[in-house]
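Input: a single structure, listed below in structure tokens.
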Amino acid sequence: FVVGRFDPFVVLVASQSVDDSIGPRAFTEPSGHAALLELASAISELSGVGSLLGPVWLIHERVDWERALSLPPKIRGLHRKVVNTHMTVDGSAAALQVHTTFLPHGPEAASWVRSARAVLAAWEQRHVGYTAALAGSACEAADSRSAVMGALPWYLGAVLFGVMFVVFLMFGSALLPFRLALAILFTLAVTFGFT
């Protein structure tokens with residue numbers, strides 16, 4: 001079975017307008033369906049994707065507009081249930097479940113999230129008026145890690161300055177605070193593997 005099937009990533013896609021004269025169509029129209037299918041195809045080509053489930057994709061099978069209209073009765077019923085659970089009634093928003101071959105909280109998840117977001121951004125550039133967002137617990141973890149790593153230099157600078165200031169006040173030496181700061185930096189570098 002696919003590892004990520006029980007904790008899938010979800011791609012949420014929305015159409016800003018359902019009127020042809022203003023912009024993109026709903027996903028229940030051929031042009032909107034084709035745009036969603038293009039996105040699903042691009043996501044399926046990412047490494048680590050095991051399967052997709054949504055209005056335009058049934059596990060391992062693409063469902064283009066013509067195929068959706070000519071599905072056998074049993075599969076048509078399944079497809080209708082997927083459409084009912086993965087698309088709004090007016091067709092202005094849809095969801096694609098992405099099942100990965102790696103654990104959604106494993107070491108590959110953060111890099112996969114970055115790759116998937118790049119695919120979504122490129123798709124949005126080609127399809128003005130549609131928006132796409134990636135959701136899932138691994139996305140939150142990747143965002144948290146990014147925020148912490150972005151703030152780390154400021155925290156490290158504040159701590160070093162504070163320690164240097166206190167040591168300067170305690171001992172009155174100009175050299176000792178810099179020596180202590182270097183010792184702290186080398187200790188952290190070795191601790192986190194920057195050798």
Side-chain angles (χ1 to χ4, degrees), residues 1-16 23-24 38-40 42-54 86 88 92-195:
F1 76 95
V2 177
V3 176
R5 179 134 323 138
F6 301 108
D7 188 11
F9 290 95
V10 178
V11 177
L12 303 169
V13 188
S15 169
Q16 300 300 323
E38 181 187 328
L39 176 61
I43 290 172
S44 73
E45 292 172 4
L46 288 173
S47 68
V49 173
S51 64
L52 293 170
L53 183 63
H86 288 73
T88 58
S92 64
L96 294 170
Q97 289 182 344
V98 182
H99 308 119
T100 57
T101 57
F102 56 87
L103 291 173
H105 296 285
E108 297 174 40
S111 64
W112 188 88
V113 166
R114 285 190 297 276
S115 299
R117 285 182 173 160
V119 167
L120 297 180
W123 181 81
E124 284 180 334
Q125 290 293 322
R126 288 190 306 275
H127 299 280
V128 177
Y130 290 105
T131 59
L134 187 64
S137 52
C139 296
E140 294 171 12
D143 292 342
S144 296
R145 182 177 189 275
S146 168
V148 167
M149 294 308 285
L152 188 63
W154 291 101
Y155 289 128
L156 187 57
V159 166
L160 286 177
F161 177 76
V163 168
M164 288 175 67
F165 183 70
V166 168
V167 168
F168 176 75
L169 290 178
M170 286 177 55
F171 296 104
S173 169
L175 185 60
L176 189 59
F178 289 105
R179 225 175 123 196
L180 182 60
L182 282 174
I184 290 171
L185 287 174
F186 285 135
T187 302
L188 288 174
V190 170
T191 301
F192 292 109
F194 299 110
T195 56

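From a predicted model like this one, the values you see are computed outputs, not experimental measurements.
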Item to check | Residues in salt bridge (charged side-chain N to carboxylate O under 4.0 Å, His left out) contact with E38, at least two apart in sequence or another chain | outcome: R126
Item to check | Residues forming a salt bridge (charged side-chain N to carboxylate O under 4.0 Å, His left out) with R145, sequence neighbours excluded | outcome: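 Expected list: none.
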Closest heavy-atom pair and its distance - [X], [Y]:
X	Y	value
A42	V119	CB-CG1, 3.7 Å
L39	A132	CD2-CB, 4.3 Å
E124	Y130	CG-O, 3.7 Å
L52	H99	N-ND1, 4.4 Å

Heavy-atom side-chain proximity of [X] to [Y] below 4.5 angstrom:
X	Y	answer
L185	L160	yes
F9	V113	yes
L46	V98	no
L120	V13	no
R117	C139	yes

Checklist entry - So F165 and F161, would you call those rings parallel, tilted or perpendicular, with 30° and 60° as cut-offs? => result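 Correct class here is parallel.
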With rounding to the nearest 0.5 angstrom, report the [atom1] to [atom2] distance, [X] to [Y].
X	Y	atom1	atom2	answer
L182	T187	CG	OG1	10.5 Å
D143	L134	CG	CG	9.0 Å
L12	H86	CG	NE2	10.5 Å
M164	F178	CE	CZ	4.0 Å
T100	D7	OG1	CG	8.0 Å
T131	W123	OG1	CH2	7.5 Å

Next on the checklist: Please check this pair: side chain of S92 against backbone of S15, looking for a donor-acceptor N/O pair closer than 3.5 Å.
Outcome noted: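 It does not hold such a pair.
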Checklist entry - Is there a donor-acceptor pair under 3.5 Å between the side chain of S146 and the backbone N or O of A142? => result no
Checklist entry - Can L188 and L156 be said to form a side-chain contact (heavy atoms from CB on, under 4.5 Å), step by step? => result CA-CA 10 Å; L188 288 174; L156 187 57; 3.5 Å; yes
Item to check | Contacts of S111 that satisfy side chain to side chain contact (heavy atoms under 4.5 Å, CB included) - sequence neighbours left out | outcome: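 Side chain to side chain contact (heavy atoms under 4.5 Å, CB included) check on S111 returns R114.
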